[in-house]
Every structure is written in C-alpha cells, then in structure tokens.
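To find a chain, count down the sequence lines: A is the first, B the second, and so on, and within it residues start at 1.
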Number of protein chains: 2
Amino acid sequence: MDRSGGRARHSGDLIASLSGRSPARNLHSDVLWELGLAIVSGTYEQGAILPSDSELLERFGVSRTVLREALKTLAAKGLIEARARIGTRVLPRNRWNLFDADVLAWFFELGPDVSFLRSLAEVRIGIEIEAAALAAERCGAEQAAELIGWVDRMAEAETPADFARHDLEFHRAVAEASGNPFMASISALVEMALTAAFTISSPVSDPEALAVTVGVHRRIAEAIRDGDPAEARLAMRDAISQGFDRAAGRMEAKDL
Amino acid sequence: MDRSGGRARHSGDLIASLSGRSPARNLHSDVLWELGLAIVSGTYEQGAILPSDSELLERFGVSRTVLREALKTLAAKGLIEARARIGTRVLPRNRWNLFDADVLAWFFELGPDVSFLRSLAEVRIGIEIEAAALAAERCGAEQAAELIGWVDRMAEAETPADFARHDLEFHRAVAEASGNPFMASISALVEMALTAAFTISSPVSDPEALAVTVGVHRRIAEAIRDGDPAEARLAMRDAISQGFDRAAGRMEAKDL
DNA sequence: ACAGGCGCAATAGTATGACAATAACACCAA
DNA sequence: TTGGTGTTATTGTCATACTATTGCGCCTGT
C-alpha cells in the first residue's frame with residue numbers, strides 16, 4: 001500500500017493551468033482519472049463490465065469509500081452505470097457527456113488525433129457562430145468594447161500561453177454577450193480546442209499568422225459591435241476553421 | 001427517520017419515460033434530486049455555502065455515505081465544489097454543465113419559462129443545423145433511408161407521445177449520420193426540448209400543424225439524402241424554430 | 001503599533017467492517 | 001416446456017473512527 005510514491009500530477013495539468021483551475025488532488029481524483037482514462041481509451045470497451053468493487057479495491061489500494069465516490073463521479077458523467085448483481089457496465093459512447101471538462105481532458109490525454117480535433121471544430125462552429133450572431137443582436141456597447149479589448153490584448157501577447165488565454169477570454173466574452181447560458185457552458189470545450197491549437201502550433205511565433213488570427217477576431221468583434229449578425233457568423237466560422245486548419249496542417253506535417 | 005413515506009417518484013419521470021431510461025431509484029438519487037433542485041432553483045444561490053455534512057445528514061436522515069455520494073455527483077456535474085474548512089460552495093452558473101441530462105431535468109422541474117425554451121432552441125439551432133449539413137455531406141443511402149423512415153412514422157403517429165418519440169429518433173439519427181460524436185451527445189438536450197413541446201402542445205391534435213411539422217422534417221431528410229447541405233441547414237432551422245414558436249405561442253396564450 | 005509566524009479547531013477526506021436490497025441464474029415442480 | 005422459487009454474487013446503505021487540510025485568531029518579536 002505504497003501511497004507516497006507515484007503521485008505525479010497527471011499531464012492534464014497543462015490544461016488546468018491554462019484555465020487557472022487547480023483541481024483538488026486527492027485519492028478520489030487519482031482513481032477517477034485512472035478509471036476515466038481506461039474507459040475513454042477503450043481498455044474497458046462499451047458494454048463491458050468493470051472489475052468488481054473488491055477487485056478494484058485491491059488494484060488501487062484505496063478504501064471502498066474512495067472507490068465508490070470515483071465510480072459515482074464517472075456515473076454522473078454518463079460513462080458507467082452500476083446495477084446490482086450485474087456489476088458496473090461501461091455505457092455506450094452516445095450516453096457519455098462529451099461536453100464535460102474531465103471527459104474531454106481524458107480524450108486529450110490519449111493524444112488527440114485529427115478527426116477528434118475536426119469534430120471539436122465542427123461543434124464549435126455550430127455553437128459559436130450562433131453565439132456571435134446573437135451577441136450582434138443583443139449586446140450593449142460596454143460588452144462590445146470588452147471584446148475589442150481582448151482582441152487588442154491578443155495582438156500584444158508576447159508568449160503563446162498569454163495569447164491562448166486572451167483568445168479564450170474573447171470566446172468566453174462572446175458567449176456571455178449572447179445572453180444564452182448554454183453558450184457559456186461550452187467554455188470547457190473551447191478551452192480544450194485552444195489548448196490543443198496552442199500546444200501544436202501557436203501563431204505567436206509567426207508574425208504573419210498572428211496578424212491573420214488577430215484580424216479575423218477583430219472582424220468578429222466589430223461585426224458584433226456594429227450589430228451585423230451575418231458578418232459575425234461568417235467571421236466566427238473563419239476564425240474557428242482557420243485555427244483548426246493550422247493545427248491540422250501542422251500535425252500532418254509532423255506525421256510525414 | 002421516516003424513510004418509508006414520501007417516496008413518490010419525482011415528476012421528471014415523464015421525461016425518463018419518453019426516453020425509455022429508467023433511472024435507478026435509490027436513496028442516493030433522492031438526495032441528489034432534492035439538492036440539485038434546490039441549487040438550480042436558487043434556494044442556495046451561486047457562491048453560497050451549503051449546510052455542512054452533519055446538518056444535511058440530519059435533514060435527509062441518510063448515512064454519510066449516501067450524502068457524500070450525492071454531493072460527489074453534484075460536483076461531477078459542476079454545480080458545487082467542496083473545500084476543507086470552507087464547506088461546500090455552489091459554483092457560478094457558467095461552471096454548471098448545462099448539457100447534463102439531470103441538470104436539464106432540474107431546470108424543467110421548475111416550470112420552464114419562455115426564455116429558457118428560447119435558449120434551448122438557440123443552441124439546438126446551432127448544433128443541429130451543423131449536424132444536418134454534415135449528414136448531407138457524409139451519410140450513406142441506408143442512413144438517409146432511415147431518416148425518411150422516421151418521418152413516415154411521425155406522420156402516422158396516433159398519440160402525442162408516439163409522435164414525440166419518433167421525432168426524437170429522427171433528430172438522433174441525424175446526429176448519428178453527421179459522424180460527429182459530439183452531435184450525438186446532445187440528445188439529452190433535444191429530448192428536453194421535445195418533451196416540453198410535446199407537453200405544452202403536440203401537433204398531433206391539429207391535423208394542419210401536423211402536416212407542417214412532418215413536412216419540414218421531410219425537407220430535412222430529403223436534403224440530406226440528396227446531399228444538399230445548404231437546404232438541410234435551412235430546413236433544420238425551420239423545424240426547430242417552428243417547434244419553439246408553437247410552444248411559446250401556446251404558453252403565452254395560457255398566461256393571458 | 002505592527003508584522004509575521006504558529007497552533008487551534010472546523011470541515012471535508014479516508015478507512016473499515018457489517019448488513020440490506022437487488023436481480024441473474026440455476027433449480028425444481030407442475 | 002413452463003413457471004415459480006430459492007440461491008448467491010454484486011451493488012447499496014449504515015455507523016463510527018480517524019486523518020488531512022486550511023482559515024482564523026492568537027501570540028510573539030521587533
């Protein structure tokens with residue numbers, strides 16, 4: 001029961017540090033991440049039965065309390081379902097809550113492939129285009145000014161991390177300006193996508209790419225300020241697909 | 001400690017029954033729903049500290065295990081965060097996972113107002129429009145045929161519940177045909193919206209409204225079959241906003 | 001009077017072992 | 001074959017004790 005060793009922080013910390021969130025590091029969270037990763041990675045496939053309580057207890061060397069709380073957390077995210085006499089079953093993927101920050105993080109731990117990033121970009125396009133259009137119709141002058149402010153800070157960012165942070169704040173502000181609480185709820189998703197883009201290739205290092213990225217974001221902010229939903233939609237679509245293209249291009253280049 | 005009385009099933013069962021899901025009814029789930037509702041309804045507002053473990057224990061008359069598992073579940077959905085010496089704090093709304101089936105259900109328990117339904121319709125438009133467009137570009141003949149099949153079944157539905165069920169299956173099939181796992185993940189959200197629409201006013205009772213609803217769904221299916229993303233987008237937007245308009249109109253009429 | 005460290009105490013986290021409820025499966029009887 | 005019935009493995013619940021964390025106040029030293 002060596003509990004002192006092997007407590008290395010999981011590599012999702014890069015993501016956590018970007019968002020400023022510091023997830024409490026306790027036993028429960030260790031077990032949660034290990035099981036969550038195992039499920040998402042397919043070690044236990046959909047419909048399969050997890051090892052029973054007693055077996056997992058032995059494997060992790062924790063108390064039943066800790067194990068069960070970890071399992072409850074996984075159940076809350078839609079990954080598993082426990083039934084008496086049957087065991088704990090891994091639910092089909094379409095029941096998983098992919099908009100959950102942890103679940104997304106586990107996907108990223110496996111090394112996000114291009115198709116996953118594409119899916120991410122597609123949902124973002126769907127939601128954020130609509131958010132931008134709504135913001136253009138509804139938001140006030142002060143919110144519009146805030147948007148411009150974040151774009152300015154993006155332009156002046158000196159490190160890739162700063163750039164990503166301001167980029168994220170911009171998208172969060174757009175979601176908030178839309179006045180729709182659901183839009184704000186996907187910030188975890190945006191965060192992942194931006195973290196991936198920032199990890200793979202940040203435009204900060206390339207002045208030309210930086211100008212393009214800042215430019216398209218400025219288009220969004222100005223369209224919203226001017227109350228032009230159609231232009232806001234177009235610009236937002238460009239911003240997201242451009243970011244995806246850069247990351248995807250870089251990934252494929254690396255593979256060859 | 002009267003645990004035998006008052007175990008009436010929560011009214012979210014209507015929703016559960018539509019989806020065929022039968023949530024395990026246990027103590028943990030009772031506590032979860034009561035606390036979840038209290039938080040969503042604002043009994044405990046954002047940033048507030050929940051009563052301490054011992055106080056809640058007394059209130060619910062359950063064991064610490066049950067209470068803590070319920071709290072862990074709420075934490076997993078982003079509603080609360082526990083910190084030693086501080087207590088358990090209700091997180092700000094933008095940290096809540098609004099795409100979670102339970103959280104949505106709690107919102108509905110409070111009697112969904114028009115603005116909530118509007119927000120729901122807006123996200124649906126964002127995501128499902130994109131899903132329809134992707135389906136038009138990617139899906140095969142057999143999937144297209146399945147879509148048509150669901151439309152046919154909608155047209156022949158005899159009860160409002162059947163109609164809603166087939167409607168839901170149609171939207172699920174579109175999401176699946178998009179090939180994007182995130183699209184399928186919002187079925188809980190679609191389910192809520194359709195349940196609301198079906199509860200408030202089903203087109204089944206009105207032959208003319210039925211024809212319109214079926215017609216617009218057929219437009220979606222055919223556009224996807226014909227590989228026409230632009231038309232699929234338009235039709236999907238019509239379908240969702242039309243459903244919202246009918247429900248909203250009915251609600252306002254009832255209020256007067 | 002003020003700054004800084006240091007310990008108290010309140011709260012959540014963890015451990016353990018026992019018992020209750022559930023339900024798939026095998027068995028038995030009609 | 002069928003239908004009910006008991007067995008048993010698995011999760012669900014309980015009670016209690018102990019540990020770890022950390023905000024807050026005290027207390028000391030300057």
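- The aromatic ring centroids of B/F116 and A/F182 lie less than 6.0 Å from each other.
- The side chain of A/A82 has D/dG12 as its nearest neighbour among D/dG12, C/dG13, C/dA15.
- Rounded to whole Å, atom P of D/dT10 lies 18 Å from atom CD of A/E81.
- As rounded to whole Å, 14 Å separates atom C1' of D/dT10 from atom CG of B/N26.
- Sorted by first and then second residue, the salt bridge (Lys or Arg N to Asp or Glu O under 4.0 Å) pairs involving residues 55-66 of chain A (not counting sequence neighbours) are A/D53-A/R64.
- The residues A/E176 and A/R172 are annotated as salt-bridged, a charged nitrogen and a carboxylate oxygen being separated by less than 4.0 angstrom.
- Counting non-hydrogen atoms of neighbouring residues, nucleotides and ligands closer than 6.0 angstrom, the CD atom of B/E146 exceeds 12 such neighbours.
- As rounded to whole Å, 10 Å separates atom P of C/dA12 from atom CD1 of B/I80.
- The distance between atom NZ of A/K72 and atom C1' of D/dT13, rounded to the nearest whole Å, is 11 Å.
- Base engagement by B/T65 is indicated by at least one non-hydrogen atom pair under 4.0 Å involving a base atom.
- Judged by distance alone, the side chains of B/H28 and B/T65 never bring a donor and an acceptor atom under 3.5 Å apart.
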Detail all sub-3.5 Å separations between protein N/O atoms and N/O atoms belonging to nucleotides 22-24 of chain D.
unit_1: D/dG23; atom_1: N2; unit_2: B/R85; atom_2: NH1; d: 3.2

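- Under the side chain to side chain donor-acceptor pair (under 3.5 Å) criterion, A/E69 pairs with B/R68, not counting sequence neighbours.
- Checking the phosphate oxygens (OP1, OP2) of C/dG13, a side-chain nitrogen or oxygen of B/R68 falls inside 4.0 Å.
- Checking C/dA15, C/dA12, D/dT11 against every side-chain atom of B/T88, the shortest atom distance belongs to C/dA12.
- Between A/L67 atom CG and D/dT11 atom C1' the separation is 11 Å, expressed in whole Å.
- B/L57 has its CG atom 15 Å from the C1' atom of C/dA10, to the nearest Å.
- Considering only the side chain of A/R64, C/dT16 comes nearest among D/dC14, C/dG13, C/dT16.
- Side chains of B/H217 and B/D167: a donor-acceptor N/O pair is present below 3.5 angstrom, by distance only.
- Across the protein-nucleic acid pair, B/L56 atom CG and C/dT11 atom C1' stand 13 Å apart, rounded to whole Å.
- Distance, B/H28 NE2 to C/dA20 P: 22 Å, rounded to whole Å.
- For B/S63 against D/dA15, a side-chain-to-base donor-acceptor contact under 3.5 Å is absent.
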